[in-house]
Amino acid sequence: MLSADDSRFMTRALRLAGKGLYTTTPNPRVGAVIVKEGRIVGEGWHERAGEPHAEVHAIRHAGESARGSTLYVTLEPCSHHGRTPPCADVVIDAGISRVVVAMKDPNPLVSGRGIERLEKAGIAVECGLLEDAAIELNPGFVSRMTRGRPWVRLKVAASLDGRTALSNGTSKWITGPAARRDGHRYRARSCAILTGIGTVLQDAPMLDVREVETSRQPLKIVLDSKLKLTGRERIFQGKTLVVSGSDDGEGRKRLEEAGAEVIFLPDGKGRVDLGKLMNELGKRGINELHVEAGERLNGSLMKSGLVDEFVFYYSPCLIGRGRGMFDFPGIENMEERLEIRILDVRMVGKDLKIIGRPNV
């Protein structure tokens, strides 16, 4: 029977898991707390792929106090050999008598097997406490394990009348510094950032993380269907993947000499097949994909049903005639509209931030 104290200790484990928000990719963010006689005796979180998991850190912290204790962990302990040994075995060897798990591991190599191993060793296991919060910490990992593709988060900065740039393409800066800094937090937590050639040529972005502290930079991905980029654009400062819809040997050589990786994922019409791209990114271990693009790519992702989450920043201004947020065909009746479920609304500096997800 789960208690209020169980919820309190799991909440602490979730906070610890959040410390790995920018660093654990492609692994999930996991926190662990060990409690004995109502007192926390050990805690830890997974910090980086290839390093010890949260349970191991917590058990090392607890030492001999782990024997006969309760372990609170936000994700089912693993039961297979990866870059580290199975955490389920470490938990058993530590003499822990009870384990409370927030969510089962969606990884088919693990799902349920870690819990089963613990139970066979005589450990009492309870699962599902604050499960939704644990899933929200790891939408990309869950998406990759269950759908084979990353969680796609699309960010748009616009005026109140929905314009992302002036008619001449000028877009710096619609939103204020606080909103831009907040946007960099999404860049930092993501495995990769996606944009299109139009944005690269118009805005000359670097698409790196500058406004918040981070120990790694996400992969930059550019859709360039006809390989028109020169390789001298600013975006090629750092690891860059160029995705094309047609194999141009000269263009490929030019971009590879600039340090980029070039792949071809044609849709049969000379463009990039976005569905194939998402599957490819899933195979590469991309959990969260952050999109900062123009209305054409935004619209294409929308039409393809590939957007999982929207982050809108609205500046308190009106632009009038200018560039929009999404380019996709109009609808004939209101029943065809895409409804968005609003998750959060708040002010960030002087700008309005809205987080939503397709209501499907």
Side-chain angles (χ1 to χ4, degrees), residues 152-184 186-187 190 192-208 210-211 220-226 228-230 233-235 242-245 269-272 274 277 289-332 336-340 342 345 348-358:
V152 178
R153 182 181 290 113
L154 193 154
K155 173 243 177 179
V156 183
S159 60
L160 285 179
D161 53 350
R163 300 303 173 188
T164 61
L166 306 181
S167 296
N168 62 12
T170 301
S171 61
K172 294 182 180 179
W173 297 103
I174 288 180
T175 53
R180 296 198 295 275
R181 187 162 51 252
D182 193 63
H184 276 241
Y186 287 104
R187 289 185 183 183
S190 301
I193 303 174
L194 174 67
T195 194
I197 183 174
T199 299
V200 172
L201 295 179
Q202 179 66 49
D203 297 340
M206 290 183 66
L207 287 187
D208 57 356
R210 301 182 302 278
E211 298 290 336
K220 294 178 279 190
I221 305 172
V222 185
L223 300 193
D224 181 4
S225 293
K226 303 186 187 308
K228 292 182 178 179
L229 292 170
T230 66
E233 292 82 4
R234 295 201 324 153
I235 201 165
V242 178
V243 188
S244 179
K269 301 177 182 177
R271 297 187 294 267
V272 172
L274 294 175
L277 172 60
L289 178 65
H290 180 73
V291 181
E292 293 192 26
E295 59 184 340
R296 289 185 63 186
L297 180 51
N298 289 349
S300 295
L301 289 166
M302 285 280 297
K303 285 184 289 186
S304 301
L306 294 172
V307 180
D308 297 304
E309 183 172 293
F310 299 94
V311 179
F312 297 105
Y313 296 96
Y314 286 101
S315 170
C317 70
L318 301 174
I319 287 178
R321 214 179 277 274
R323 298 190 177 181
M325 303 163 76
F326 301 96
D327 178 17
F328 57 89
I331 59 176
E332 298 297 325
E336 298 178 63
R337 64 188 176 183
L338 174 67
E339 293 189 351
I340 295 177
I342 303 300
V345 179
V348 179
K350 68 180 182 64
D351 301 306
L352 176 67
K353 176 185 178 183
I354 299 177
I355 301 175
R357 293 176 183 171

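Here, residue 1 is the first one in the sequence, and each next residue gets the next number.
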Between L306 and L277, is any pair of side-chain heavy atoms under 4.5 Å apart? no
With sequence neighbours left out, the residues meeting side chain to side chain contact (heavy atoms under 4.5 Å, CB included) with R337 are I331, M334, E339
Identify the two heavy atoms, one from I174 and one from A165, that lie closest to each other, and give their separation to 0.1 Å. CD1-N, 3.8 Å
Could you work out, with side chain to side chain contact (heavy atoms under 4.5 Å, CB included) as the rule, every residue matching E332, not counting sequence neighbours? E336
Taking it one step at a time, do L274 and L223 satisfy side-chain contact (heavy atoms from CB on, under 4.5 Å)? CA-CA 10 Å; L274 294 175; L223 300 193; 3.7 Å; yes
Please answer whether the main-chain N or O of G322 pairs with a side-chain N or O of R163 as donor and acceptor at a distance below 3.5 Å. yes
Is there side-chain contact between V348 and T175, with at least one heavy-atom pair below 4.5 Å? no
Just by distance, do the side chain of D224 and the backbone of S244 share a donor-acceptor pair under 3.5 Å? no
Can you tell me how far the CG atom of L297 sits from the CG atom of L154, to the nearest 0.5 Å? 8.0 Å
Quick check: closest heavy atoms across G299 and F326, and the distance to 0.1 Å? N-CD2, 4.2 Å
Given side chains that start at C-beta, do those of E292 and Y186 come closer than 4.5 Å, heavy atoms only? no
Is D327 reaching over with its side chain to a backbone N or O of E295, donor-acceptor style, under 3.5 angstrom? no
Does any N or O in the side chain of T164 come within less than 3.5 Å of the main-chain N or O of G324, such that one atom is a donor and the other an acceptor? yes
Contact check, side chains of V291 and V307, non-hydrogen atoms, under 4.5 Å: no
Is a side-chain donor or acceptor of R234 paired with a backbone partner of A204 at a separation under 3.5 angstrom? yes
Is there a side-chain contact between R153 and V311 in this structure, where contact means two heavy atoms from C-beta onward sitting under 4.5 Å apart? yes
Close side-chain approach of Y314 to I354, heavy-atom, < 4.5 Å: yes
Of R357, H290, K155, the one forming a side chain to side chain donor-acceptor pair (under 3.5 Å) with E309 is R357
Could you tell me which non-hydrogen atom of V222 sits nearest to which non-hydrogen atom of I197, and how far apart they are? CG1-N, 4.1 Å
Closest non-hydrogen atoms of M302 and L338, given as atom of the first, atom of the second and distance, are CE-CD2, 2.9 Å
With sequence neighbours excluded, residues passing side chain to side chain contact (heavy atoms under 4.5 Å, CB included) with T230: R232, E233
Quick one: does D351's side chain have a donor or acceptor within less than 3.5 Å of a partner on Y313's backbone? no
V272 side chain near S225 side chain, heavy-atom distance below 4.5 Å: yes
Can you check whether M206's main-chain N or O pairs, donor with acceptor, with K220's side chain at less than 3.5 Å? yes
Within the side chain of D161, is there an N or O that forms a donor-acceptor pair under 3.5 Å with the backbone of G320? yes
Gap between atom OG1 of T195 and atom CD1 of I235 - 0.5 Å precision: 6.0 Å
Test your reading of the model: is there a side-chain donor-acceptor pair from N298 to the backbone of M325, 3.5 Å cut-off? yes
Measure the shortest side-chain to side-chain distance between V200 and L207 over non-hydrogen atoms and say whether it is less than 4.5 angstrom. no
Are more than 12 heavy atoms, taken from residues, nucleotides or ligands other than K350, located less than 6.0 Å from that residue's NZ atom? yes
What is the minimum heavy-atom distance between D182 and K353, and which atoms define it? OD2-NZ, 2.8 Å
With a sphere of 6.0 Å drawn around CZ of R296, does it hold more than 12 non-hydrogen atoms of other residues, nucleotides or ligands? no
